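The structure under discussion appears below in the form of structure tokens.
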Amino acid sequence: MTRNTTERQALTEKLGVDIDPELLSLALTHRSFAYENGAIPHNERLEFLGDSVLGQAVTVRLFTGHPDLDEGSLAKRRASVVSTVALAEVARTIGLGEYVRLGRGEILTGGRDKDSILADTMEALIGATFLSAGPDEATRMVLRLVEPLLADPERYGAAMDPKTSLQEIAARQGLPAPVYRVEATGPDHDRRFIATVTVGDVVATGPGSSKKQAEMAAALTAWRELDARA
């Protein structure tokens with residue numbers, strides 16, 4: 001048994017579902033890796049399918065689980081649960097970044113922890129599960145993974161707008177307003193940003209391909225710490 005096979009079995013155990021090995025490999029193949037290896041197939045078609053499966057599973061769960069909510073509230077909650085930030089958070093809980101096949105450039109620029117890559121790969125895995133195990137199993141996997149977000153309404157706002165959520169929770173806890181500092185590295189055509197936010201005695205950092213993305217990542221990390229304290 002090869003190392004890659006063992007590692008991927010560990011991933012499917014975390015997901016709680018069996019996925020066809022070829023589909024699993026495809027789901028984990030980012031386009032940067034595909035282009036560097038003879039333009040082999042990559043995961044964007046599976047991502048397209050997974051996005052639809054994810055949206056349906058979350059929509060039905062919210063609709064049936066919250067008969068008291070109006071259309072606007074349901075739409076807001078759905079958007080937050082399927083957002084890039086939320087999906088990246090889910091991906092990190094299963095250590096997905098270490099399994100993604102990336103090109104050298106993406107590896108060097110922190111691609112294994114980029115929200116966009118993690119979220120897209122998560123959707124591709126959902127698509128691969130749908131094709132391998134069918135719609136019911138794919139739906140069950142989706143709901144297992146997003147259950148923490150569905151069960152914690154505070155996370156809806158945090159995932160969609162981390163900076164505002166951090167400011168609000170800081171105010172509720174009598175802390176000063178968050179202060180951000182952003183540093184940039186790399187050449188102009190491939191800038192990477194690291195944001196640091198300070199709220200009282202909490203200091204959190206976050207990476208991003210833009211200043212805004214880095215600040216949002218740092219804000220979400222700080223929000224989680226303050227929320228845990230509360």
Side-chain angles (χ1 to χ4, degrees), residues 4-5 7-12 14-59 78-146 149 159-160 186 189-192 207-210 212-214 216-217:
N4 284 344
T5 300
E7 289 177 345
R8 289 172 187 170
Q9 283 183 347
L11 176 60
T12 57
K14 293 178 182 178
L15 294 171
V17 65
D18 290 327
I19 302 176
D20 176 84
E22 290 188 7
L23 284 172
L24 178 59
S25 180
L26 181 60
L28 297 172
T29 302
H30 187 257
R31 64 176 178 270
S32 62
F33 181 93
Y35 293 160
E36 289 183 10
N37 290 271
I40 62 175
H42 52 75
N43 64 8
E44 289 183 0
R45 280 175 52 85
L46 283 176
E47 175 195 336
F48 171 78
L49 174 60
D51 176 69
S52 179
V53 175
L54 169 69
Q56 182 181 37
V58 172
T59 297
R78 179 181 60 191
S80 66
V81 173
V82 303
S83 71
T84 296
V85 173
L87 285 180
E89 180 181 350
V90 169
R92 290 187 182 98
T93 66
I94 59 172
L96 182 57
E98 66 181 280
Y99 301 101
V100 184
R101 299 204 293 176
L102 296 172
R104 290 184 297 275
E106 283 291 356
I107 291 174
L108 292 173
T109 56
R112 295 194 186 283
D113 197 47
K114 285 183 181 177
D115 281 3
S116 58
I117 290 177
L118 291 174
D120 291 347
T121 306
M122 196 71 250
E123 289 181 335
L125 283 174
I126 294 169
T129 301
F130 179 91
L131 295 177
S132 295
D136 292 342
E137 190 61 44
T139 295
R140 283 192 286 269
M141 185 190 78
V142 167
L143 295 179
R144 283 197 303 271
L145 292 171
V146 303
L149 297 175
M160 288 296 288
H189 68 278
D190 190 22
R191 301 291 273 174
R192 298 294 302 164
S209 56
S210 67
K212 179 181 178 180
Q213 187 181 68
M216 289 176 63

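Note that the structure is a prediction, hence the values are computed from the model and not measured.
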Margin query: Working note: I94 + M122, criterion side-chain contact (heavy atoms from CB on, under 4.5 Å); need CA distance, chi angles, decisive distance, verdict.
Written below: CA-CA 10 Å; I94 59 172; M122 196 71 250; 4.2 Å; yes
Next item on the list: Output, in order, the C-alpha distance, side-chain angles, deciding distance and verdict of side-chain contact (heavy atoms from CB on, under 4.5 Å) for F33 and E106.
Entry: CA-CA 9 Å; F33 181 93; E106 283 291 356; over 6 Å; no
Next item on the list: Show the numbers, then the answer: is there a side-chain contact (heavy atoms from CB on, under 4.5 Å) between F130 and L46?
Entry: CA-CA 10 Å; F130 179 91; L46 283 176; over 6 Å; no
Next item on the list: Evaluate side-chain contact (heavy atoms from CB on, under 4.5 Å) for N43 paired with L28, printing each intermediate quantity in order.
Entry: CA-CA 7 Å; N43 64 8; L28 297 172; over 6 Å; no
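Checked by atom type and distance alone, the side chain of R192 pairs as donor or acceptor with a backbone atom of T109 at under 3.5 Å. Put simply, the side chain of R144 gets close to the backbone of G16: a donor and an acceptor are under 3.5 Å apart. Side chain of S52 to backbone of L49: no donor-acceptor contact under 3.5 angstrom is found. With E137 contributing its side chain and V17 its backbone, the two residues share no donor-acceptor pair below 3.5 Å. Here the side chain of R112 pairs a donor or acceptor atom with the backbone of V100 at under 3.5 angstrom.
When the shell of 6.0 Å around NZ of K14 is examined, it contains more than 12 heavy atoms from other residues, nucleotides or ligands. Residue R45 places its CZ atom among 12 or fewer non-hydrogen atoms of other residues, nucleotides or ligands, all under 6.0 Å distant.
Pairing each heavy atom of P41 with each of A34, the nearest pair is O-CB, 4.1 Å. Nearest heavy atom pair, residue I19 against residue S132, reads CG2-OG, 3.6 Å. Between V53 and A138, the shortest heavy-atom distance links the atoms CG1-CB, 4.1 Å. When all heavy atoms of A119 and A88 are compared, the closest pair comes out as CB-N, 4.2 Å. Listed here is the closest heavy atom pair of A57 and T139: CB-CG2, 3.9 Å.
Taking OG1 from T121 and CD1 from I126, the interatomic distance works out to 11.0 Å, rounded to the nearest 0.5 Å. A distance of 14.0 Å separates CZ of R31 from CD1 of I40, quoted to the nearest 0.5 Å. The distance from atom OG of S83 to atom CG of L149, rounded to the nearest 0.5 Å, is 8.0 Å. Taking CD of E98 as the reference point, atom CZ of R92 lies at 13.5 Å (rounded to 0.5 Å).
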N/O donor-acceptor pairs under 3.5 Å from side chains in residues 20-27, not counting sequence neighbours:
residue, atom, partner, partner atom, Å
D20, OD2, E22, N, 3.0
D20, OD2, L23, N, 3.1
S25, OG, R101, NH2, 3.3

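Looking at L54 and L87, their side chains come closer than 4.5 Å, going by heavy atoms from C-beta outward.
With respect to V90, the side chain to side chain contact (heavy atoms under 4.5 Å, CB included) criterion is satisfied by exactly one of L96, L145, V81: L145.
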